[in-house]
Amino acid sequence: MRTVREATIELLRERGMTTLFGNPGSTELPMLSEFPEDFRYILGLQESVAVGIADGYAQATGRPALVNLHTAPGLGNGMGAIFNAQANKSPLVITAGQQYRSLMTLQANLTNRDATRMPHPLVKWSWEPPCAQDVPHALARAMHTAALPPRGPVFVSIPMDDWYAEVRSEEEVRHQTTRTVSGGAGLPDGAAIASLARRLAEAANPALVAGPDIDAAGGWEAAVALAERARLPVYATPATGGGRLGFPEDHPLFQGVLFPAVQPLGELLAPHDFVLAVGTSIFPYYPNVPGALLAEGTSLTAITSDPDEAARAPMGEAIVADVALTLAALVEAVGSIAASGAAGPGGAAGQAVEGSPAMLRREPPPPRPAPEAVALTDPMSPSTAVRTLAGVFPEDGIVVLESPSATPALRNQLRLNRPGSYYFSAGGGLGFGMPASIGVALACPERPVVCVIGEGSAQYAVQSFWTAAAYKVPVTFLVLRNEEYAILKFFSLMEEVPGAPGLDLPALDTAAVAAGYGINARHAADPEELGVELRRALASGQPELVEVQVAPGMALA
Ligand SMILES: Cc1ncc(C[n+]2csc(CCOP(=O)(O)OP(=O)(O)O)c2C)c(N)n1
């Protein structure tokens with residue numbers, strides 16, 4: 001009979017999980033030895049990097065990705081990234097090596113003494129198989145669990161002697177390897193769809209809030225069709241929880257990104273009597289600005305594939321269902337109402353949108369300026385840097401963003417309009433952007449990937465530079481160097497908590513650090529040079545870094 005290791009290799013091959021992200025130790029070597037030629041191993045020099053790359057890869061491929069970490073300390077290093085993966089609903093199968101079974105009770109060196117409890121709140125399922133023969137089954141279960149909605153990371157701890165054991169039965173392994181598990185959140189019943197369509201039709205001024213799970217579920221076109229058919233003004237869910245975009249940001253119906261705090265968000269939605277929020281938590285609030293969750297005259301219905309998201313929402317109705325299928329069904333239902341002429345005073349009969357909040361209403365995106373046309377400033381404002389990027393940004397480009405003070409400016413300037421074009425850490429833990437950009441680029445080799453990163457954020461997963469260089473992953477890193485934690489200074493003003501230490505970052509030369517990891521790194525002194533350098537970097541087909549000194553402070557537009 002085959003060994004557990006042989007059976008596992010076949011299981012992974014059968015599932016298309018032949019890319020392994022990790023950082024190895026002695027407890028993982030039995031799994032990695034005689035590594036199959038049709039597999040590839042992507043080495044991260046720190047575990048948070050390996051998990052972050054896998055997160056980007058899993059999100060961009062839409063399939064579970066496999067990560068292998070080194071027993072307790074490796075898992076510990078990866079925890080911040082696992083927290084982000086959970087918030088991103090990223091289907092990660094995370095394994096870690098464990099001591100020999102015979103040495104675990106005496107707690108020999110490197111024993112993970114409570115392996116399943118360690119990542120517990122951050123994963124959907126955490127397991128150490130009770131015997132070696134259960135390893136393939138545990139991994140199969142882990143893959144299915146990670147991929148079912150709501151997607152998320154799972155963890156399996158595997159004692160190092162398990163790999164050598166013989167499987168219990170070939171028949172058992174055959175089932176584990178070949179069976180499929182499909183479905184998940186499903187479609188609400190026809191009556192619920194019809195009633196939702198009627199509410200959209202009868203509302204005087206309905207609106208759509210588009211969340212990240214629209215993109216993850218493949219519901220982008222359906223969201224556009226629904227908004228167009230029902231003439232819904234569309235808001236993006238707050239940037240804090242909007243790890244992906246759910247709607248094209250250059251669309252005439254797009255109104256802008258909601259502010260992530262209770263009082264202003266409730267106020268911004270106040271002109272709408274009915275709000276349909278799709279594929280988002282309700283809502284990823286931060287910071288704490290107390291107020292009314294919703295105005296008196298506003299009601300809200302959420303569609304989410306995540307039962308917990310539905311249960312914990314502080315207001316409104318919620319329907320747990322597949323986001324893409326439900327949007328498509330709603331498009332049909334709204335169409336039937338419009339065709340029958342039964343629409344009320346609202347937008348579903350194709351009437352013009354009225355009364356959406358003026359402060360968020362947007363003009364059509366400005367034409368993208370040639371870099372030469374941007375006025376020179378010294379140091380340039382972060383808005384200018386982002387506008388310069390917009391001027392050279394390829395049509396099919398993808399942005400992975402972790403530059404906190406430039407987030408609003410980037411969303412405003414780039415106006416991304418294709419699915420799968422934007423990744424951001426919904427968890428808010430720094431250290432996501434750089435590794436995720438590598439994972440996204442590995443998953444989408446045909447699309448240019450730009451990682452826009454603050455120089456502070458870059459340090460949380462700085463070893464990512466090595467992986468990008470070693471595997472020649474063609475990410476363009478744009479480092480915005482403002483010599484401070486600008487967003488924290490902004491929050492200290494907003495929340496009236498002045499005088500905090502540790503918010504300045506003088507003399508941090510990220511370009512030099514990147515060069516040390518093998519990245520071609522350049523500085524750009526002015527917008528013209530920045531445009532030239534970005535164009536060159538994007539065309540090079542290599543990992544590249546362009547660092548630009550920008551003025552301190554927030555960039556809103
Ligand atoms: C793991 C982790 N540690 C600390 C923070 C708190 N934090 C949020 S934003 C930020 C500053 C980021 O600095 P930088 O990338 O230079 O961006 P800027 O604010 O200057 O735009 C920090 C430290 C965090 N979000 N995650």
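Whatever order the structure lists ligands and atoms in, that order sets their numbers, starting from 1. Note that the numbering runs from 1 along the sequence shown for the chain.
Remark: distances from the non-hydrogen atoms of Pro404 to ligand 1 include one below 4.0 Å. Look at Gly428 and you'll find a heavy atom under 4.0 Å from some atom of ligand 1.
Atom 11 (C) of ligand 1 has Tyr485 CD2, 3.3 Å as its closest protein atom, hydrogens excluded (heavy atom only).
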Criterion ring pair (Phe, Tyr, Trp, His ring centres under 6.0 Å) on Phe477 and Phe465, from CA distance to verdict: CA-CA 9 Å; Phe477 299 97; Phe465 285 133; 5.2 Å; yes

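Ligand 1 has an N or O atom lying under 3.5 Å from an N or O atom of Glu484, backbone or side chain. Looking at Gly429 next to ligand 1, no N or O pair under 3.5 Å apart turns up. For the pair Gly456 and ligand 1, the shortest N or O to N or O distance falls below 3.5 Å. Looking at ligand 1, you won't find any N or O of Leu505 less than 3.5 Å from one of its N or O atoms. At under 3.5 Å, not a single nitrogen or oxygen of Ser403, backbone or side chain, sits near a nitrogen or oxygen of ligand 1.
Glu309 meets the side-chain contact (heavy atoms from CB on, under 4.5 Å) test with Lys89, Asp213, Ser281, Thr304, Asp306, Arg312; sequence neighbours excluded. Considering only residues two or more places apart in sequence or on other chains, Gln549 meets the side-chain contact (heavy atoms from CB on, under 4.5 Å) condition with Pro379, Arg481, Glu483.
Taking 4.0 Å as the cut-off between side-chain N and carboxylate O, Arg411 and Glu249 count as a salt-bridged pair. Salt bridge status for Arg522 with Glu544: absent, with no side-chain N to carboxylate O gap under 4.0 Å.
Across Ile487, Thr510, Leu508, Asn482, heavy-atom proximity to atom 19 (O) of ligand 1 is greatest for Ile487.
Contact annotation: for Leu488 versus ligand 1, heavy atoms closer than 4.0 Å belong to the side chain alone.
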